[in-house]
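Next up is a structure, given as structure tokens.
Chain naming here is simple, since letters A, B, ... match the order of the sequence lines and numbering starts at 1 in each.
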Amino acid sequence: MATDIKKCVDKMDKKSFQDDLIGWFVSEQRELPWRKDQDPYKVWVSEIMLQQTRVDTVIPYFNSFLEKFPTIEALASADEEKVLKAWEGLGYYSRVRNLQSAVKEVRENYGGQVPDSPEKIASLKGVGPYTAGAILSIAYGKPEPAVDGNVMRVLSRILLIWDDIAKPASRKIFESTVREIISHENPSYFNQALMELGALICTPTSPSCLLCPVRDHCAAFDEGVQNELPVKTKKKKQKNIELAAGIFTDDQGRILIRKRPETGLLANLWEFPTVELGLGFQRQREQLAVHFEEIYGFSPKISESLGEIGHVFSHLIWNIHVFSGSFDGDIIESTQLKLVTEEEIQEYAFPVPYQKMLKQYLEFKKAD
DNA sequence: AATTCGTGGCG
DNA sequence: TCGCCAAGAAT
């Protein structure tokens with residue numbers, strides 16, 4: 001640890017800090033569905049869902065997910081299609097595929113009990129340093145650091161840590177710092193309180209320092225630099241991609257859908273047949289049909305243009321040119337290519353941009 | 001170490 | 001409108 005950080009840590013009255021922090025958490029913590037008990041499975045599910053995702057977004061997903069898959073056994077034996085459907089709209093879909101894979105591993109190797117050793121738990125798919133520490137401390141009361149973005153922001157201010165929190169290497173600095181100041185009486189509340197403080201008081205912009213329970217321990221507040229911390233370099237902007245996608249129906253009105261590849265963006269989710277348009281995407285309808293044929297082996301009759309749908313990802317921006325149309329008989333259905341009715345389509349998990357596309361199509365059809 | 005993985009909300 | 005952000009992990 002850097003000497004200036006150590007100096008700040010040494011100067012801190014740990015016991016007083018822990019008491020103020022935990023005391024605040026006891027009285028001010030939010031009632032959240034995953035805080036009703038310390039069931040390791042529920043803690044685990046909540047932590048996976050909460051990765052890069054807001055509490056308000058997670059709550060309804062957590063409740064319905066636990067209803068559908070109440071136990072490790074239930075999730076381990078569930079159909080992957082249903083698991084993905086339960087995650088639909090939450091994003092970062094590899095999280096739930098890793099979760100189900102890890103839950104199976106727990107069933108097979110640990111008798112269905114979530115292990116409580118750092119080594120074993122960190123070896124589970126989708127469980128990294130943060131999630132391992134969160135489960136160990138919250139479910140098992142172990143004094144392990146659980147360093148997320150909140151913790152880095154809060155501690156950077158309290159202890160005047162100027163390392164760039166966007167750098168992967170910085171996390172370790174915060175972990176070793178937490179090891180020095182964590183409460184061994186109540187590591188669960190200590191970790192949760194740091195995160196809760198970051199969520200409610202010590203926010204990224206305009207922190208509510210006047211309401212802060214640990215203001216007297218905060219070096220940044222003392223020096224009036226709370227708005228300069230944390231140091232975080234900004235990421236580069238997204239790349240634009242032009243796509244054409246079609247809702248193509250057969251003579252019975254069934255819609256053609258395709259399962260995306262099992263790796264990469266939106267892996268294993270379903271979509272409507274899509275082609276990427278090159279630089280000169282101002283091509284004519286006939287060429288577009290040829291383009292679809294090259295990739296899917298059929299040539300649709302494109303009848304209508306339904307406009308465009310924009311969708312922003314973390315690292316890229318899609319602009320989907322939406323079409324509707326039909327095709328003649330000879331589609332060969334497979335595990336990757338299916339013809340489904342408007343009823344059946346509800347059973348398949350679609351990324352948000354394609355949900356928008358379907359909605360757009362149904363409204364167009366109704367108005368027509 | 002730097003990228004790739006979603007989505008929705010907010011100033 | 002746009003950049004930033006939210007309880008990160010895998011590659």
Side-chain angles (χ1 to χ4, degrees), chain A residues 25 29-30 32-35 42-62 84 87-99 101-102 121-135 137-139 145-154 164-172 174-175 178 188 191-200 202-206 230 232-241 260-269 271 309-318 349-356:
Chain A
F25 182 72
Q29 66 169 295
R30 291 166 291 180
L32 268 15
W34 47 90
R35 286 182 176 164
K42 294 182 195 167
V43 172
W44 186 4
V45 171
S46 73
E47 293 301 343
I48 299 298
M49 284 189 172
L50 285 163
Q51 289 171 7
Q52 300 294 285
T53 310
R54 294 174 189 284
V55 165
D56 289 342
T57 302
V58 167
I59 290 174
Y61 280 93
F62 178 84
L84 271 177
W87 206 269
E88 182 185 51
L90 242 197
Y92 289 139
Y93 299 95
S94 67
R95 288 185 294 175
V96 75
R97 292 188 299 117
N98 288 153
L99 175 61
S101 166
I121 207 163
S123 75
L124 297 170
K125 268 184 194 138
V127 178
Y130 163 74
T131 304
I135 296 172
S137 61
I138 298 172
V147 174
D148 71 337
N150 284 311
V151 172
M152 289 196 282
R153 180 174 61 257
V154 169
D164 181 358
I165 68 168
K167 304 280 190 197
S170 297
R171 200 199 70 250
K172 297 192 173 183
F174 287 91
E175 282 176 350
V178 169
S188 168
N191 280 342
Q192 290 187 75
L194 277 181
M195 293 187 274
E196 195 80 340
L197 190 69
L200 301 181
C202 196
T203 47
T205 59
S206 59
K232 186 177 186 181
T233 55
K234 45 193 167 191
K235 56 176 191 283
K236 58 179 186 182
K237 74 170 190 180
Q238 302 97 327
K239 175 185 176 186
N240 287 69
I241 295 181
R260 293 178 59 87
E262 59 187 16
T263 58
L265 184 68
L266 305 168
N268 282 3
L269 274 70
E271 67 181 7
I309 289 176
H311 190 74
V312 179
F313 296 89
S314 310
H315 60 300
L316 49 87
I317 298 174
W318 274 4
F350 285 81
V352 167
Y354 289 101
Q355 293 176 36
K356 293 180 189 165

Determine the interatomic distance between C1' on B:dG6 and the same-named atom on C:dC5; round to the nearest Å.
13 Å
Using atom names, set out every protein N or O paired with an N or O of nucleotides 6-8 of chain B below 3.5 Å, distance rounded to 0.1 Å.
{"residue": "B:dG6", "atom": "OP1", "partner": "A:Y92", "partner atom": "N", "Å": "3.4"}
{"residue": "B:dG6", "atom": "OP1", "partner": "A:Y93", "partner atom": "N", "Å": "2.9"}
{"residue": "B:dG6", "atom": "OP2", "partner": "A:L266", "partner atom": "N", "Å": "2.4"}
{"residue": "B:dG6", "atom": "O4'", "partner": "A:Y92", "partner atom": "N", "Å": "3.0"}
{"residue": "B:dG6", "atom": "N7", "partner": "A:Y92", "partner atom": "OH", "Å": "3.2"}
{"residue": "B:dG6", "atom": "N7", "partner": "A:S314", "partner atom": "OG", "Å": "2.3"}
{"residue": "B:dG6", "atom": "O6", "partner": "A:Y92", "partner atom": "OH", "Å": "3.0"}
{"residue": "B:dG6", "atom": "N1", "partner": "A:Q52", "partner atom": "O", "Å": "3.0"}
{"residue": "B:dG6", "atom": "N2", "partner": "A:Q52", "partner atom": "O", "Å": "3.1"}
{"residue": "B:dG6", "atom": "N2", "partner": "A:T53", "partner atom": "OG1", "Å": "3.0"}
{"residue": "B:dT7", "atom": "OP1", "partner": "A:Y93", "partner atom": "OH", "Å": "2.6"}
{"residue": "B:dT7", "atom": "OP1", "partner": "A:V352", "partner atom": "N", "Å": "3.2"}
{"residue": "B:dT7", "atom": "OP2", "partner": "A:H311", "partner atom": "NE2", "Å": "3.0"}
{"residue": "B:dG8", "atom": "N2", "partner": "A:R54", "partner atom": "NE", "Å": "3.2"}
{"residue": "B:dG8", "atom": "N2", "partner": "A:R54", "partner atom": "NH2", "Å": "3.1"}

Need one value for A:K237: base, sugar-phosphate or nothing, where a base atom within 4.0 Å counts as base even if backbone is also close, heavy atoms only.
nothing
If you assign A:T131 and A:T233 each to the DNA chain C nucleotide with the nearest heavy atom, which residue ends up on the more 5' nucleotide?
A:T233
Do A:I138 and A:W34 have side-chain heavy atoms sitting under 4.5 Å apart?
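In short, these two side chains do not touch, never coming nearer than 4.5 Å.
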Give one of base, sugar-phosphate or nothing for A:W87, where a contact means two heavy atoms less than 4.0 Å apart.
nothing
Please identify each residue that fulfils side-chain hydrogen bond (donor to acceptor under 3.5 Å, both in side chains) with A:T53, with sequence neighbours left out.
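With neighbours one apart ignored, the set is A:R95.
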C1' gap between B:dA1 and C:dA9, integer Å:
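Straight-line distance between the two C1' atoms is 15 Å.
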Can you give the donor-acceptor pairs under 3.5 Å from side chains of residues 122-135 of chain A to other protein atoms, not counting sequence neighbours?
{"residue": "A:S123", "atom": "OG", "partner": "A:K120", "partner atom": "O", "Å": "2.7"}
{"residue": "A:K125", "atom": "NZ", "partner": "A:S101", "partner atom": "OG", "Å": "3.3"}
{"residue": "A:Y130", "atom": "OH", "partner": "A:E47", "partner atom": "OE1", "Å": "2.6"}
{"residue": "A:T131", "atom": "OG1", "partner": "A:Q51", "partner atom": "NE2", "Å": "3.0"}

Using a heavy-atom cut-off of 4.0 Å across all strands, would you classify A:R97 as base, sugar-phosphate, or nothing?
nothing
Under 4.0 Å, counting only non-hydrogen atoms across every strand here, what does A:R260 touch: a base, just sugar-phosphate, or nothing?
nothing
Please check if the side chain of A:E196 supplies one atom and the backbone of A:R30 the other of a donor-acceptor pair under 3.5 Å.
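Between the backbone of A:R30 and the side chain of A:E196 there is a qualifying donor-acceptor contact (under 3.5 Å).
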Determine the Euclidean distance between corresponding P atoms of C:dA6 and B:dC5; express it in Å to zero decimal places.
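Their P atoms lie roughly 23 Å apart.
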Here's a test of your reading of the structure: between A:W34 and A:K125, which maps to the more 5' nucleotide of DNA chain C?
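It is A:W34 whose nearest nucleotide is closer to the 5' end.
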